[in-house]
**Student:** 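To start, I am sharing the structure in question, which I have written as C-alpha cells.
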Amino acid sequence: MRLTPEFYLDKNVVKIARSLLGKTLFTRVDGHVTAGRIVETEAYSWKERGSHAFKGKTGRNAVMFEEGGVAYVYLCYGIHQMFNVVTNHEGIADAVLIRAVEPVVGIEIMKERRGKVINEFQLTSGPGKLSKALGIDRNLNGKSLFQNEVWIEDGGASLSSKKIVSSKRIGIDYAGEDALLPWRFTIKDNLWVSA
DNA sequence: GCAATGATTTACT
DNA sequence: GTAAATCATTGCC
C-alpha cells in the first residue's frame with residue numbers, strides 16, 4: 001500500500017521520520033524496479049542549523065519548500081547523491097533524509113550498479129550508497145512520490161517501539177548545539193544501519 | 001567571475 | 001585514525 005499524501009503533510013517532521021522506519025522505498029529507473037526497507041532516517045527542519053533550508057530559500061533547496069510528498073535529491077562532496085522526502089505544507093521546509101535501507105527487490109541490479117564485489121550489508125548501508133544502489137540521482141529531484149519513478153509503500157508490518165532507537169544526527173557538527181538533537185532514528189540491531 | 005565547502009565513502013598510514 | 005576524491009551550490013568580489 002502506497003503512503004497517502006496526508007502522511008507527508010503532518011506538521012511534525014520528527015514523527016514522520018520515525019514513522020518511515022520499516023516502510024519500503026521503491027524506485028523505477030531505466031525500466032528496473034528496485035526497493036529497500038527503510039532502516040535509518042534523520043529529520044531536518046528549517047528552524048535549525050543542520051538543514052539546508054535554515055538560511056532561507058535558494059535554487060538548490062527550493063524543493064524543500066514545496067508541499068510534502070516530493071523527493072529532494074542533491075549532490076554532496078561532489079560524489080554522493082542524498083535522497084530526502086519533503087514533508088509538511090508548502091512554504092515550510094521540513095524534510096526527512098533516508099540514510100539506510102535493507103535491500104528487498106532487485107538486489108542483483110543493485111550489486112551491478114554498485115560495481116565492485118561487496119557483501120549485501122554494504123550495499124545500502126549509508127545515504128550515498130543506497131542512492132547509487134537504487135539508481136537515485138539528481139534527475140529525481142522534485143519528483144512527486146505519487147508517480148511511477150520513486151515512491152514509498154507501507155509493508156503493513158508495524159514496528160515495535162522497542163525496536164526504534166533515536167540518537168543525534170551524523171556529519172553536521174558544524175550545526176552547533178542543533179547537532180545534538182535526537183532526530184536520527186534507526187531500527188535496533190538491523191545489520192544495514194550505517195556505522 | 002572565482003574561491004570555499006559539504007546531511008560521505010573509500011582507501012591508505 | 002586520517003586524508004583524498006570531486007563538483008554543484010553558495011557567497012563574496
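From a predicted model like this one, the values you see are computed outputs, not experimental measurements.
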**Student:** Does either side chain, that of A:Asn12 or that of A:Asp10, offer a donor lying less than 3.5 Å from an acceptor on the other one?
**Tutor:** no
**Student:** What's A:Gly171 touching, base or sugar-phosphate or nothing? Going by heavy atoms closer than 4.0 Å.
**Tutor:**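 Sugar-phosphate, no base atom in range.
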**Student:** If you compare all heavy atoms of A:Glu66 against all heavy atoms of A:Val86, which two are closest, and at what distance to 0.1 Å?
**Tutor:**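 For A:Glu66 and A:Val86, the tightest heavy-atom pair comes out as O-CG1, 3.6 Å.
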**Student:** Please give me every residue in residues 83-107 of chain A whose heavy atoms get under 4.0 Å of an atom in DNA chain C, ordered by residue number.
**Tutor:**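 The answer is none.
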**Student:** Looking at A:Ala93 and A:Ala53, what are the two nearest heavy atoms and their distance?
**Tutor:** CB-CB, 3.5 Å
**Student:** Restricting to non-hydrogen atoms, name the atom on A:Tyr8 and the atom on A:Ile152 that form the minimum distance, rounded to 0.1 Å.
**Tutor:**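 Minimum heavy-atom contact is OH-CB, 3.6 Å.
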**Student:** Sticking with atom P, work out how far C:dT6 lies from B:dC2, rounded to a whole angstrom.
**Tutor:**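 To the nearest whole Å, 22 Å.
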**Student:** Grab the CH2-P distance between A:Trp192 and B:dT9 for me, whole Å please.
**Tutor:** 17 Å
**Student:** Under a 3.5 Å cut-off for both distances, is C:dT6 Watson-Crick or wobble paired, and to whom?
**Tutor:**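 Per the H-bond distance test, none.
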**Student:** In whole angstrom, what separates A:Trp183's CH2 from B:dA7's P?
**Tutor:**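 Rounding to the nearest Å, CH2 of A:Trp183 and P of B:dA7 are 16 Å apart.
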**Student:** Please report the closest heavy-atom contact between A:Arg113 and A:Leu134, naming both atoms and the distance.
**Tutor:** NH1-C, 3.2 Å
**Student:** Given A:Glu40, which of A:Arg184, A:Arg18, A:Lys129, A:Arg169 fulfils the salt bridge (Lys or Arg N to Asp or Glu O under 4.0 Å) condition?
**Tutor:**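 So the option named by the test is A:Arg184.
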**Student:** Does B:dA7 pair with anything, Watson-Crick or G-U wobble, both distances under 3.5 Å, and if so, with which nucleotide?
**Tutor:** none
**Student:** Can you check each nucleotide of nucleotides 5-13 of chain C against protein heavy atoms at under 4.0 Å and return B for base, S for sugar-phosphate only, - for none, in 5' to 3' order?
**Tutor:** BBBSSSS--
**Student:** Does A:Arg184 reach a base, just sugar-phosphate, or nothing at all? Heavy atoms under 4.0 Å.
**Tutor:** nothing
**Student:** Does this structure show an ion pair linking A:Glu149 with A:Lys143, if we count only N-O contacts that are shorter than 4.0 Å?
**Tutor:** yes
**Student:** In whole angstrom, give the distance that lies between atom CD of A:Gln122 and atom C1' of B:dT9.
**Tutor:** 11 Å
**Student:** Could you tell me how far B:dA7 sits from C:dG1 if I compare only their C1' atoms? Round to whole Å.
**Tutor:** 22 Å
**Student:** Kindly compute the distance separating CD1 (A:Ile136) from CG (A:Leu25), expressed to the nearest 0.5 Å.
**Tutor:** 5.0 Å
**Student:** For A:Glu48 and B:dA7, what is the distance between atoms CD and P respectively, to the nearest whole Å?
**Tutor:**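 After rounding, the reported distance stands at 11 Å.
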**Student:** Classify the ring geometry between A:Phe121 and A:Trp192 as parallel (under 30°), tilted (30 to 60°) or perpendicular (over 60°).
**Tutor:**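 Tilted.
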